[in-house]
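Written out below as structure tokens is the structure these notes cover.
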Amino acid sequence: MDREHDVVVIGAGFAGLYAVHKFRDQLGLRVQGFEAADGPGGTWWWNRYPGARCDFESVHYSYSFSADLQREWEWTERFAAQPEILSYLEWVADRLDVRRSFRFSTKVAGLTWDEARSRWSVALDDGSRCTARFVVTCVGNLSVPKEPEFPGAENFAGEIYQTSRWPHGDVDFRGKRVGVVGTGSTGIQVIPEIARQAAHLTVFQRTPNFAAPLRNAVVEPAERRWNAENHAEVRRGTRDSFLGAPYPAPSGSARTASSEERRRIYDEYWAQGGFRFVASTFDDLLFDEEANATAADYIRERIRERVADPAVADLLSPHDHPYASKRPPFETDYYETFNLEHVDLVDVRSAPIERIVENGLRTTERLHELDVIVLATGFDAATGPLLALGPVGRDGQTLDAKWVDGPNTYLGLQTAGFPNLFMITGPLSAAGLYNNPLAIEDHLDFLGELLHHALERGARTIEASPEAEDRWGALCTGLLNHTVIPKAKSSWYMGANIPGKPRATYLFAGGAPLFRAITAEVADRDYAGFAIDGHETRIPPMVKLDPSVALALGAMLLQKVKPLDQCTLEESRAMIDSLAALQAPGPETRVTNLQDPRGRLYRPEGTGPFPVVVHCHGGGWVAGSVDLADAFCRRVAVGAGVMVLSVDYRLAPEHPFPAAPDDVFEALRWARSHVAEFGGDPERLAIMGDSAGGNLAAATALRARDSGIRLSGQVLVYPALDPDASTPSRTEFVDGPFISVAAGEQMWHSYLRGAEVTPLAAPNRAESLADLAPALVLTVECDPLRDEGEDYADALAAAAVPVVRRRFDGLVHGVLDMSALVPRVAEMHGAISTFLGEIFGSGDASRPDREAVSAKG
């Protein structure tokens, strides 16, 4: 065996086979693979228990990188069984000629980083060693079995089998008393198969699971050939779906659907089988407990229909965790198995297993005499396979020590302190909720380009930066906490199935399209977040996002919402108007529609007279409306106890500059003259706006000062202030998220239409900002307009204008219109209400200590 390699690949499953092909055949590197098993297949080599099969359709649970592979292989079942999947992987290994690059029956026993040589030393279980510039672990997330937790196995006189290490020959259960411990995904597959042979089967269940039908079927020869020949059509849209398979889009919210509609949709996808019940019913099952409860109730009803004994049906019906908070299992004849006379169900939550004895299993209640024990108790998922390799990184740090409180990675691919060590679909990757063959290809394709990029530069090391790792971890934890997954007490999704394992975040829960968008941005920005030869790059914008914003953008990706800079005027208006659906409903208050000026007047409860805030909605001067601003205006009116005049100003390009600022200024003058008739106080006026509306508000504040109209204050929310601004945030967030510089430029062009850029259009160009009304300037971190808003706040403060400036980290431009999805929008509402209360009430907005205040939310 050669001792020096460019790349060592560990594992010969879906990931390992493609990794060798990628790095050896496509990048031309010297590659050596190691596999503990006797041949290729990975988890499908080890998991040979009866009933083992994939739960994504076979045509999707396969490689997509090669048209030839897809055209040449024909799947015989809708959901392939283990023997067929193993045959497929063996065929791929031969078809790509990758067996010659593997040493089988060889286990990696240790990995040690050599700082002086910038290489990994790889120890093997036969005592030999080799080195590699890069180590790529392809060990899978479910490959290290959970250690048996019951003492006494050595005393058992019968046979003990672990599903994850099943014998390669047939196991005969005929005439035997069999006990199966565990009713997770594996138990649900194996139990009906054993019941067909065993003289008696006892199922030991601690936690019941929500199992939906798989609906497997034989694929007839003609359909097999059609699927193979038309693979591109069959798989179209796979990577654009949340789970990585082209299932029908869900039907909105389960919480808001009628009971009849919910039942119709649940029935439809229950009948179709597989992940469609998760992916295609409703889009809030994973994120809303109330919505999730409707699915849980439906499944419990279905269990009761299929299990004859009500007491057994109740034991099989979960009540301690939401549906899909554990990986959803799928079944064939599972529930009917418990109607058989020779099958018993034992609840080991109420009567725990104490130990294995010579003739069976003893619980706290009784002895169950058995000839065979089958342990279907799961895996030490995600981290277990990696920790088993014993990596030792920089300065002698072990991976065990670094991950003592849970895993830290960047993109699930790498962890700081362990340069040149890569984990394919490792912890905090999308693999837990993404069709694994595609998740594997995505990770390896990304890594292949990263290595190519680094090697072209002559780089020696690639390492995730600690800051990138921290921000990624915060994003993944935040995403997970927006789901129902943490509500399950014993899920491997949380590491909670292993005694002593830290309960932490182990997966990226944002879905395949969002994960792919983030990794694409990382690559486009010179592999941002990775230090190549120690040269760190900035954290990419999408990794900085507040998790709720990331979910909102992920939803837009799923709905294939076009970027604004690619939209026609009509499409832009429709898209911006649609943001009204992303807002939490505003509180009830009195609303008067006005014709001259056009707009709406919102009045809170009480006798008045009320301070008055003239509001300018966002929308880039070309879109938006008083309808879009309705919920926000209601919230400000009630929250701050003010009257809000929402101006329905004319839009460009039909009415270019200065139509909009003229409309807003006329609305302000109208308020001075007429608002008292509606209960307002014309002596207490403020101007407010967001985005383009912030521009109009700032321009109106200047115009009011120059016209002798005294304003009590101005509220500018991420204002657009200058078409020619050149700021770091415009560079960093040139492509957004959400709104790009290109979209902003198009809007400026439609608005100005070649007009001279005066301070009425670009308020920051005013000769003097002195004597303007006290200002609240709110900006958001991930926004190309961030710096011009903050620069304007600083300029106001320099002109002795009292200013409160606050930046909200992780939020994006336009977030004010996403209050139903982004909880922290309430903080922005609170900041506005507090400021208005101070300028209109007992607070003194001109205190010196309030000038140029800068705070981060």
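Just so it is clear, the structure is predicted and the values come from calculations on it, not from any experiment. All heavy atoms count here, side chains included; hydrogens, waters and symmetry mates do not. Starting from 1, each residue takes its place in the sequence as its number.
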Practice item. Report the C-alpha separation of R255 and D284 in whole Å, then their side-chain angles, then the decisive distance to 0.1 Å, and conclude whether the side-chain contact (heavy atoms from CB on, under 4.5 Å) test is met. Key: CA-CA 8 Å; R255 190 153 53 93; D284 53 357; 4.1 Å; yes
Review point. Is there a ring-ring contact (aromatic ring centres under 6.0 Å, His included) between F738 and H813 once you walk through the steps?
Key: CA-CA 7 Å; F738 187 59; H813 196 92; 7.7 Å; no
Review point. Can M575 and L564 be said to form a side-chain contact (heavy atoms from CB on, under 4.5 Å), step by step?
Key: CA-CA 8 Å; M575 197 276 275; L564 272 172; 3.3 Å; yes
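Ion pair E666/R669 flagged as a salt bridge, since at least one NZ, NE, NH1 or NH2 atom sits closer than 4.0 Å to an Asp/Glu carboxylate oxygen. Under a 4.0 Å N-O distance rule, the pair E732/K544 qualifies as a salt bridge. With respect to the salt-bridge test (charged N to carboxylate O, under 4.0 angstrom), the residues E683 and R710 do not qualify. For E781 and R786, the salt-bridge test fails: no basic side-chain N is under 4.0 Å from an acidic carboxylate O. The existence of a salt bridge linking D783 and R730 is excluded, since no basic side-chain nitrogen approaches an acidic carboxylate oxygen closer than 4.0 Å.
Annotation for R538: atom CZ does not count as buried by contact number, only 12 or fewer foreign heavy atoms lying within 6.0 Å.
Looking at residues two or more places apart in sequence or on another chain, you find a side chain to side chain contact (heavy atoms under 4.5 Å, CB included) between P682 and V675, A676.
When ring centroids are compared, F632 and H617 stay outside the 6.0 Å threshold. Taking the six-membered ring wherever Trp is involved, the centroid distance between the rings of W621 and F657 does not fall below 6.0 Å.
Note that OH of Y792 and CG of L769 are 5.0 Å apart. Values are rounded to the nearest 0.5 Å.
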